[in-house]
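Order of the sequence lines fixes the chain letters, A, B, ..., with proteins taken first and strands second; residue numbering starts at 1 for each chain.
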There are 2 protein chains.
Amino acid sequence: MADPMYRQIAEDLQRRIESGEPAPGAQLPTELELRERYDASRNTVRDAIKWLITRGLVETRPGQGTFVTERITPFVSTLTGPPEGKETYVYLAEVVASSRTPDMSDPRVEMQRATGNVASALHIPEGTSVVSRHQQRFIDGTPWSLQTSFYPMALVEQGATKLIQATSIEPGTVDYLAEKCGIKQVGYRDSIAVRPPNEVEAAFFKLPADGRVSVFEVYRVGFDQDGARFRLTVTVYPADRNRLVAWVGDVPAVELED
Amino acid sequence: MADPMYRQIAEDLQRRIESGEPAPGAQLPTELELRERYDASRNTVRDAIKWLITRGLVETRPGQGTFVTERITPFVSTLTGPPEGKETYVYLAEVVASSRTPDMSDPRVEMQRATGNVASALHIPEGTSVVSRHQQRFIDGTPWSLQTSFYPMALVEQGATKLIQATSIEPGTVDYLAEKCGIKQVGYRDSIAVRPPNEVEAAFFKLPADGRVSVFEVYRVGFDQDGARFRLTVTVYPADRNRLVAWVGDVPAVELED
DNA sequence: GCAAATTTGTTCGTATGTATT
DNA sequence: CAATACATACGAACAAATTTG
């Protein structure tokens, strides 16, 4: 008398899937067939399938059936780079092979008052005016990440007026701020957390509506030559198709591996 | 005619929880009470609660009720440090306050043949003999991470015999290998992924059995002065109570914030 | 383009088991 | 031991999405 029946069914299916039969992409027997095979009710079979869904082993498509999930070759983003560097580097099998590059939408620019998270990350009082620049980023058409950068409004007053224009800043915001305000980024710090996606994120990344796939949330704070914080960038990556890399010291170039 | 009823119930409850009523830790009305409030069946109410569980908003305790989950103050681990550095640094509110330190079990040492992941990370052929050293790590009694390091058996043959003893190597394995084999770690690379926990991990970290809370998996490969890979460390952290930090360039010491 | 068949999604009702107080 | 509350399991019906004829 060990596990409940739905767990036993789920574990039997899991063993079969992990042994490669049915293979990734292939369809499982229908709920009615499984009901007969395991001599259980359809609801119990559905509980077993739900358990497998939560673990990412299968996915269901209404009107079609239940399928073994296929492994995605992940995008690899490197967090570490030159302190004065512009953006996060990305390596991925397809990019390397076909020299495709990330693509991003024009920014949506908003004036906001700094709320708790933003204020404490930038070390400014809550309610301080900030500019937020929000972009959707794609790789080869696939939604890759959502990025929002926050800058104190004071920078705009110091001449960095492009910050409040809804166009990309070339060759990069860090260079632009150095030129306009004399702010040089001498370092940055990333803080990485994992959480379930909100509705906007789930829709953009086309994540399953059940909130099973979580997202990486990377807070990057930029420091200038005076040790002051002048920029916060929050980047959200779906955890099912992304991998982050950080390195220290003397290491060879990144290849693709585990 | 928008969402199904269980979603509407879930979203109503979510709004209430996010507005702070009921507060974290407090109990929700029982399933039977909710059944009456929303004029739905108990099963539909349970579907709504399942949806909230998946998103980490509530948890159920058999015989007691359904409760709003409490936020955990996370452990913060810093990935970046000196290349020749020994271990990952940890900062956390309680540790800083009461100067508590991480605590780890004696290693479980095994001789293994390198499988796919290990072999490709260490750039050795599959089947090569390796030593694995597995440790459980706690902070103030709380399960914090599971760590397994893999070393090519060749290092043992070169004199690093402590690798196959089931005791901690003080002051650190990196120092020990420098002394015994002349291998100096000049850099390392971390690769961070997120996945659902396996059964061992779920049990050790006391994660909910439904696989909802995922884990960080950090692969750290150490490189020596010849650019060769001599060590792979795989560390697994439960994502609900951990946060990773990486920094580049000149940044002030870490404080606790978002 | 439409209708039928197939398959999963939602909702109800009911009964019994198990954990906690 | 009894009461309470969640967990599991069954059966049934209809809805919604998709494919097929």
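Not a single donor-acceptor pair under 3.5 Å links the side chain of A:R55 to the backbone N or O of A:Q14. Although no hydrogens or angles enter the test, the distance criterion places a donor-acceptor pair under 3.5 Å between the side chain of B:N242 and the main chain of B:P238. The closest donor-acceptor contact from the side chain of B:E201 to the backbone of B:L146 lies at 3.5 Å or more, if one exists at all.
Only one option out of A:D190, A:T233, A:N117 pairs with A:Y219 in a side-chain hydrogen bond (donor to acceptor under 3.5 Å, both in side chains); it is A:N117.
Atom pair A:E33:CD and C:dT7:C1' shows a separation of 10 Å (rounding to whole Å applied). Atom-to-atom, CZ of B:R7 to C1' of C:dT10 comes out at 13 Å; the value is rounded to the nearest Å. Here the C1' atom of nucleotide C:dT10 and the CG atom of A:N43 are 10 Å apart, to the nearest Å. Straight-line distance from the CG atom of A:L32 to the C1' atom of D:dA13: 14 Å, rounded to whole Å. Between the NZ atom of A:K50 and the P atom of D:dA7 there is a distance of 13 Å, rounded to whole Å. The CD-P distance, from B:Q8 to C:dT10, rounds to 12 Å in whole Å. In this structure, B:W51 atom CH2 and C:dG9 atom P are separated by 17 Å, rounded to whole Å. Atom OH of A:Y6 is separated from atom P of D:dC6 by 16 Å (rounded to the nearest Å).
Under 4.0 angstrom from either OP1 or OP2 of D:dC10 there lies at least one side-chain N or O belonging to A:T44.
Using a 4.5 Å cut-off on side-chain heavy atoms (C-beta onward), B:R241 and B:L207 make contact.
Two rings, from B:Y6 and B:Y38, have their centers 6.0 Å or more apart.
If you check C:dG9, D:dA5, C:dT11 against the side chain of B:T30, the one that comes closest is D:dA5. Taking only side-chain atoms of A:M5, from C-beta outward, the nucleotide of D:dC10, C:dT11, C:dG9 with the closest atom is D:dC10.
In this structure, A:W144 and A:S77 approach most closely via the heavy-atom pair CZ2-OG, 3.5 Å.
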Is there a side chain to side chain contact (heavy atoms under 4.5 Å, CB included) between B:R7 and B:E11 once you walk through the steps? CA-CA 6 Å; B:R7 283 282 299 272; B:E11 281 160 13; 3.2 Å; yes
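The stretch residues 34-42 of chain B touches DNA chain D through B:R42, each having a heavy atom within less than 4.0 Å of the strand. A heavy atom lying under 4.0 Å from DNA chain D marks the following residues of residues 60-71 of chain A, by number: A:P62, A:G63, A:Q64.
To the nearest 0.5 Å, atom CG of residue B:L34 and atom CZ of residue B:R42 are 11.0 Å apart.
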